[in-house]
Amino acid sequence: ASLGKCAKLKELILWGNQLNGPIPDELGQCGELEELELEDNQLTGGVPAGFGKCTKLKRLVLYKNQLEGPIPDELGQCGELEALELNENKLTGGVPAGLGKCAKLKELILWGNQLIGPIPDELGQCSELEALELNENKLTGCVPMSLGMCAKLQRLLLYTNQLSGSIPNELGQCGELEELELNENKLTGGVPASLGKCTKLQTLKLHANQLNGPIPDELGQCGELEALELNLNQLTGGVPASLGKCTKLTELRMSNNQLEGAVPFAELAALADLTFLGFEGNEGLTITAHGAQELKKALPDAELVLPKEVAG
């Protein structure tokens with residue numbers, strides 16, 4: 001606690017030790033503090049509200065401890081904050097709306113806690129945000145439309161929560177987006193065609209929701225896409241031939257939907273990097289025996305789980 005008397009302290013880096021006990025409230029008296037990294041220890045207790053007085057704080061990194069209690073609203077007073085990493089603790093309560101005031105925030109990493117309640121709309125005010133990782137909590141409510149204003153967002157990971165409602169079309173405005181993982185929620189509605197504008201997208205995981213409607217042809221515009229996982233939904237219509245343009249695809253998972261029609265085998269055969277292709281559990285989806293043979297020939301190293309074969 002005596003470190004709180006170090007009025008000129010700028011960096012306190014103690015990560016990767018075996019420290020235990022609470023984080024001293026007195027550290028909030030270090031008015032010049034810019035970096036506090038206590039991750040990967042055995043710290044207990046709460047995140048001190050006094051950190052809100054550290055108005056020059058840029059990095060607060062406390063992940064992989066045993067911290068509990070709420071995330072203090074006072075952290076929204078840290079106007080210089082660029083990285084807040086509190087993942088892999090036992091934190092409860094909600095995501096503070098006050099964090100929307102942290103205009104310089106680039107990384108908000110809160111995954112692997114026990115957080116509840118909605119994702120605050122105010123996070124859309126964090127125009128510098130590059131990574132928002134709230135996965136593996138108990139969050140409810142919708143995916144905020146306001147996140148479409150985070151034009152620099154590269155990673156949006158919200159999987160394994162209890163989110164509902166539709167996927168906002170506005171996410172198509174996130175032109176820097178590389179990873180979008182919303183799987184294992186209760187999302188409804190369709191897959192937004194606007195995601196085709198996210199031309200840097202590498203990972204799109206929407207599996208294990210309640211999505212319906214067709215798979216948009218526009219996804220074929222995502223030329224950097226490596227993993228597309230739409231399985232375990234209620235999607236209808238056909239498999240877009242345009243996906244054959246996603247030549248970097250390694251995983252294409254569409255099993256257990258309500259897809260129908262013929263698999264566009266000629267286009268999919270061009271996906272030379274594929275390691276897994278899954279279509280099982282779609283009663284109306286078919287492939288000709290010739291098509292199946294052509295896929296196996298073109299993709300000899302891939303695991304192919306194909307729909308029922310028909311003559312032709």
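Basis for what follows: all heavy atoms, side chains included, without hydrogens, waters or symmetry-related copies. Numbering starts at 1 and runs along the sequence shown.
- Looking only at distances, no side-chain donor or acceptor of Asp273 sits under 3.5 Å from a matching main-chain atom of Thr250.
- Taking all atoms of both residues into account, the shortest heavy-atom contact from Gly244 to Ala270 is O-CB, 4.5 Å.
- Gly148 and Cys174 get closest at one heavy-atom pair: CA-SG, 3.9 Å.
- Closest of all the heavy-atom pairs between Ile119 and Pro144 is O-CG, 3.4 Å.
- Partner of Arg59 under the side-chain hydrogen bond (donor to acceptor under 3.5 Å, both in side chains) criterion, chosen from Glu37, Glu80, Glu82: Glu37.
- Two residues are said to be in side-chain contact when any heavy atoms from C-beta on lie closer than 4.5 Å; Leu60 and Phe51 meet this criterion.
- The two atoms that bring Cys246 and Leu219 nearest to each other are SG-O, 3.5 Å, heavy atoms only.
- Between the side chain of Lys186 and the main chain of Gln210, no donor-acceptor pair closer than 3.5 Å is present.
- Leu259 and Phe276 are assigned to two separate hydrophobic clusters, defined by single-linkage of ILVMFWY side chains at heavy-atom distances under 4.5 Å.
- Residues Asn185 and Asn161 form a side-chain contact, since some pair of their non-hydrogen atoms from C-beta on lies under 4.5 Å apart.
- Put simply, the side chain of Asn209 gets close to the backbone of Leu182: a donor and an acceptor are under 3.5 Å apart.
- A side-chain donor-acceptor contact under 3.5 Å links Asn65 to the backbone of Leu38.
- Of all heavy-atom pairs between Gly100 and Cys126, the closest is CA-SG, 3.8 Å.
- The line from CG of Asp40 to CD of Glu88 is 8.5 Å long, rounded to the nearest 0.5 Å.
- Linking ILVMFWY side-chain heavy atoms closer than 4.5 Å, directly or via other members, places Leu228 and Leu277 in a single hydrophobic cluster.
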- Task: Could you walk me through whether Leu295 and Leu306 pass the side-chain contact (heavy atoms from CB on, under 4.5 Å) test, one step at a time?
- Result: CA-CA 10 Å; Leu295 277 178; Leu306 301 176; 4.0 Å; yes

**Study point:** Derivation and outcome, side-chain contact (heavy atoms from CB on, under 4.5 Å), residues Gln173 and Lys197
**Key:** CA-CA 7 Å; Gln173 300 168 18; Lys197 299 176 185 176; over 6 Å; no

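- Within 6.0 Å of CD in Gln234 there are more than 12 heavy atoms belonging to other residues, nucleotides or ligands.
- Cluster annotation: Ile215 and Phe265 are assigned to the same hydrophobic cluster (Ile/Leu/Val/Met/Phe/Trp/Tyr, side-chain heavy-atom contacts under 4.5 Å, transitive).
- The side-chain heavy atoms of Asn233 and Val191, taken from C-beta on, include no pair separated by under 4.5 Å.
- Of the candidates Glu133, Glu107, Glu179, Arg155 forms a side-chain hydrogen bond (donor to acceptor under 3.5 Å, both in side chains) with just one, namely Glu133.
- The OG1 atom of Thr44 sits 7.0 Å away from atom CD of Gln66, with the distance rounded to the nearest 0.5 Å.
- Across Pro24 and Pro48, no two heavy atoms sit closer than the pair O-CG, 4.2 Å.
- Using a 4.5 Å heavy-atom cutoff, the side chains of Leu147 and Pro168 are not in contact.
- Under a hydrophobic clustering in which Ile, Leu, Val, Met, Phe, Trp and Tyr are joined whenever their side-chain heavy atoms come within less than 4.5 Å, directly or via other members, Leu232 and Leu180 fall into different clusters.
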Q.
The test is side-chain contact (heavy atoms from CB on, under 4.5 Å); show your working for Glu309 and Ile287 and say whether it passes.
A. CA-CA 5 Å; Glu309 292 186 16; Ile287 190 169; 4.1 Å; yes

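- Annotation: the span from Glu32 atom CD to Cys6 atom SG amounts to 12.5 Å, rounded to 0.5 Å.
- Contact check for Leu195 versus Leu171: side-chain heavy atoms found under the 4.5 Å cut-off.
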**OP:** Report the C-alpha separation of Tyr159 and Asn135 in whole Å, then their side-chain angles, then the decisive distance to 0.1 Å, and conclude whether the side chain to side chain donor-acceptor pair (under 3.5 Å) test is met.
**Re:** CA-CA 5 Å; Tyr159 63 85; Asn135 45 296; 3.1 Å; yes

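- Leu177 is listed as a side-chain neighbour of Leu156, based on a closest heavy-atom distance under 4.5 Å.
- To the nearest 0.5 angstrom, Leu225 atom CG is 12.0 Å from Glu178 atom CD.
- With hydrogens and angles disregarded, no donor-acceptor distance shorter than 3.5 Å links the side chain of Asn257 to the backbone of Asn282.
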Discussion item. Val263 vs Phe279, test: side-chain contact (heavy atoms from CB on, under 4.5 Å). Steps then yes/no.
Written reply: CA-CA 9 Å; Val263 172; Phe279 288 123; 3.9 Å; yes

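- In this structure a side-chain-to-backbone donor-acceptor pair under 3.5 Å is present from Asn113 to Leu86.
- Proximity of Leu115 to Val95: side-chain heavy atoms (C-beta onward) are separated by under 4.5 Å at one or more points.
- Annotation: the span from Lys152 atom NZ to Ser127 atom OG amounts to 6.5 Å, rounded to 0.5 Å.
- Inter-residue side-chain proximity for Met254 and Leu285 is flagged as unmet; no heavy-atom pair is nearer than 4.5 Å.
- Transitive grouping of hydrophobic side chains (ILVMFWY, heavy atoms separated by less than 4.5 Å) brings Leu67 and Leu12 into a common cluster.
- Remark: the backbone N or O of Gly278 is not paired with any side-chain donor or acceptor of Ser255 at under 3.5 angstrom.
- The structure places NZ of Lys205 at 6.5 Å from CD of Glu251, a figure rounded to the nearest 0.5 Å.
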